[in-house]
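Starting from 1, each residue takes its place in the sequence as its number.
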Amino acid sequence: MKKVLFATSALVASAGFAAADVSLSGYAEMGITGGSGSTETQFHQDVDVTFSMSGTTDNGLTFGTSVDLDENAAGVGTDDAGVAVFISGSFGTLTMGDTNGALDWATSEAPTGSGSIADDESSHAGYSSVNGLDATFDNQILSYTHSVGALGFAVSIEMDDTGDADAESVVGFGARYSVGDLGIGIGFQSGTDVDGDELDAVAASLSYSMGDLSVGIVYQQLSNSTWADDQTDVGLGVSYSMDAITMGFNYGTRDSVGGTAGNDQAGFGISVGYDLGGGASLKIGYGDTTDDGTGASGDSTWSLGLTMGF
């Protein structure tokens, strides 16, 4: 690893960009997963590497990019990559690529604790990631963010890349404000899909942190001009750390899924992590769908393993 970093630094210097900052970070996971939501109990491994590069112009503007390479994320040999490029100054930050829309940027997800190797705690049917209409098209988003003291705001656009005359780009607005340990976020996004259906998303979040305790509540409403009803997501989460142990619990509901009245889902998730030091942690996760949309219990998943940060 040290040799790779040295070679990278030497390459940057020889290219004449001595002022540029190049860094490499990542994590790895190994363990076992199972549950009724899995085909079989099986091994799990995941490796994620992030390359970050930044520099500064003569007049003080900061520019840069990050490349996120995720190998074997699903445990079956699938690859994924995300790229984002930004420029920042006193005017704010302009980012293009694999980044959050304004709604997702402004709001906070319900706390989940330490997390787990298979994200079981956030994989149940009731959990909401509060990402609005992001990825309606190709997930290439242009966002502008700016903060003045405790107040921050964002605008974003995900352009229609389909060539379909009925589709319209997704535009978003968001704002967040912090008062001491209390955080408030609101966001709105709107667009039109390839079928000509008008899409809207509204979300709000409330978070509070006091020492080792974090609590959060989220709300999101999704609407489609062809739906009979709006889909409503509500989530609550709490995370607590004590010495090397971090624990988390969350519960969520999703009403009128897909705009169908009475099609309601719910679930809860639990995670426990133990910090081994040096970037390594032992983690346990469990997720349970208590209502799968038919009034009956759904699948559950669990995982146990090690995470390693570099």
Side-chain angles (χ1 to χ4, degrees), residues 35-39 74 100-112 118-139 141 156 158 160-162 164-174 185-206 216-237 249-270 286-301:
S36 61
S38 302
T39 304
N100 293 332
L103 182 150
D104 196 351
W105 178 89
T107 56
S108 302
E109 298 179 14
T112 57
D119 300 326
D120 304 282
E121 69 287 343
S122 59
S123 297
H124 59 81
Y127 189 81
S128 176
S129 57
V130 203
N131 57 1
L133 304 177
D134 287 359
T136 296
F137 299 112
D138 61 357
N139 203 35
I141 296 172
S156 66
E158 181 182 354
D160 162 35
D161 65 332
T162 64
D164 193 296
D166 293 326
E168 295 181 4
S169 301
V170 172
V171 178
F173 305 90
I186 56 173
F188 171 77
Q189 286 183 313
S190 180
T192 305
D193 64 17
V194 294
D195 297 320
D197 302 335
E198 297 179 4
L199 313 175
D200 291 298
V202 179
S205 68
L206 187 66
I217 301 173
V218 300
Y219 170 87
Q220 179 175 245
Q221 185 180 75
L222 302 175
S223 63
N224 184 305
S225 57
T226 64
W227 289 355
D229 201 359
D230 294 337
Q231 176 179 307
T232 303
D233 301 348
V234 178
L236 170 66
F249 173 83
N250 75 87
Y251 176 79
T253 62
R254 178 169 286 117
D255 298 339
S256 302
V257 179
T260 303
N263 184 15
D264 304 335
Q265 298 176 346
F268 69 89
I270 301 171
Y286 178 78
D288 195 309
T289 295
T290 56
D291 189 342
D292 63 0
T294 66
S297 297
D299 292 328
S300 62
T301 62

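S225 contributes a side-chain N or O that, together with a main-chain N or O of E198, makes up a donor-acceptor pair within less than 3.5 Å. Y127 places a side-chain N or O within 3.5 Å of a backbone atom of A110 that can act as its donor or acceptor partner. When atom types are taken as modelled, the side chain of E158 and the backbone of F137 share a donor-acceptor pair closer than 3.5 angstrom. With D230 contributing its side chain and S223 its backbone, the two residues share no donor-acceptor pair below 3.5 Å. At distances below 3.5 Å, at least one donor-acceptor pair connects side-chain atoms of S156 with backbone N or O atoms of A102. Looking at S205, its side chain never comes within 3.5 Å of a backbone N or O of T107 through a donor-acceptor pair. Under a 3.5 Å cut-off, the side chain of S169 and the backbone N or O of D160 do form a donor-acceptor pair. In this structure a side-chain-to-backbone donor-acceptor pair under 3.5 Å is missing from Q265 to G293. Distance alone, capped at 3.5 Å, places no donor-acceptor pair between the D119 side chain and the S123 backbone.
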Requested in this report: Tell me, with the steps shown, if Y219 and T232 meet side-chain contact (heavy atoms from CB on, under 4.5 Å).
Outcome: CA-CA 7 Å; Y219 170 87; T232 303; 3.3 Å; yes
**Report entry** Derivation of the side chain to side chain donor-acceptor pair (under 3.5 Å) call for D134 and Q189
**Finding:** CA-CA 9 Å; D134 287 359; Q189 286 183 313; 3.1 Å; yes
Report task. Starting from the C-alpha separation in whole Å, work towards a yes-or-no answer on side-chain contact (heavy atoms from CB on, under 4.5 Å) for Q220 and L103. Result -> CA-CA 10 Å; Q220 179 175 245; L103 182 150; 3.9 Å; yes
Query raised in the report: Between L199 and V170, is a side-chain contact (heavy atoms from CB on, under 4.5 Å) present by the stated rule, with each step listed?
Result: CA-CA 9 Å; L199 313 175; V170 172; 5.6 Å; no
Query - Test log, rule side-chain contact (heavy atoms from CB on, under 4.5 Å), inputs D195 and T226 - result: CA-CA 10 Å; D195 297 320; T226 64; over 6 Å; no
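Nearest heavy atoms, D193 versus D197: OD1-N, 2.9 Å. When all heavy atoms are compared, the tightest approach of A125 to A266 is CB-O, 4.5 Å. Of all non-hydrogen atoms in S256 and A261, the two that sit nearest each other are OG-CA, 3.8 Å.
To the nearest 0.5 Å, atoms CG (D120) and OG (S300) are separated by 9.5 Å. Note that CG of D264 and OG1 of T294 are 11.0 Å apart. Values are rounded to the nearest 0.5 Å. Distance check, rounded to the nearest 0.5 Å: CG of L133 to OG of S190 gives 7.5 Å. Once rounded to the nearest 0.5 Å, the distance linking CG of L236 with OH of Y251 reads 10.5 Å. Rounding to the nearest 0.5 Å gives a distance of 8.5 Å between OG1 of T301 and CD of E121. Taking CG from D255 and CD from Q221, the interatomic distance works out to 10.5 Å, rounded to the nearest 0.5 Å.
Side chains of N250 and T112 form a contact here, defined as non-hydrogen atoms less than 4.5 Å apart.
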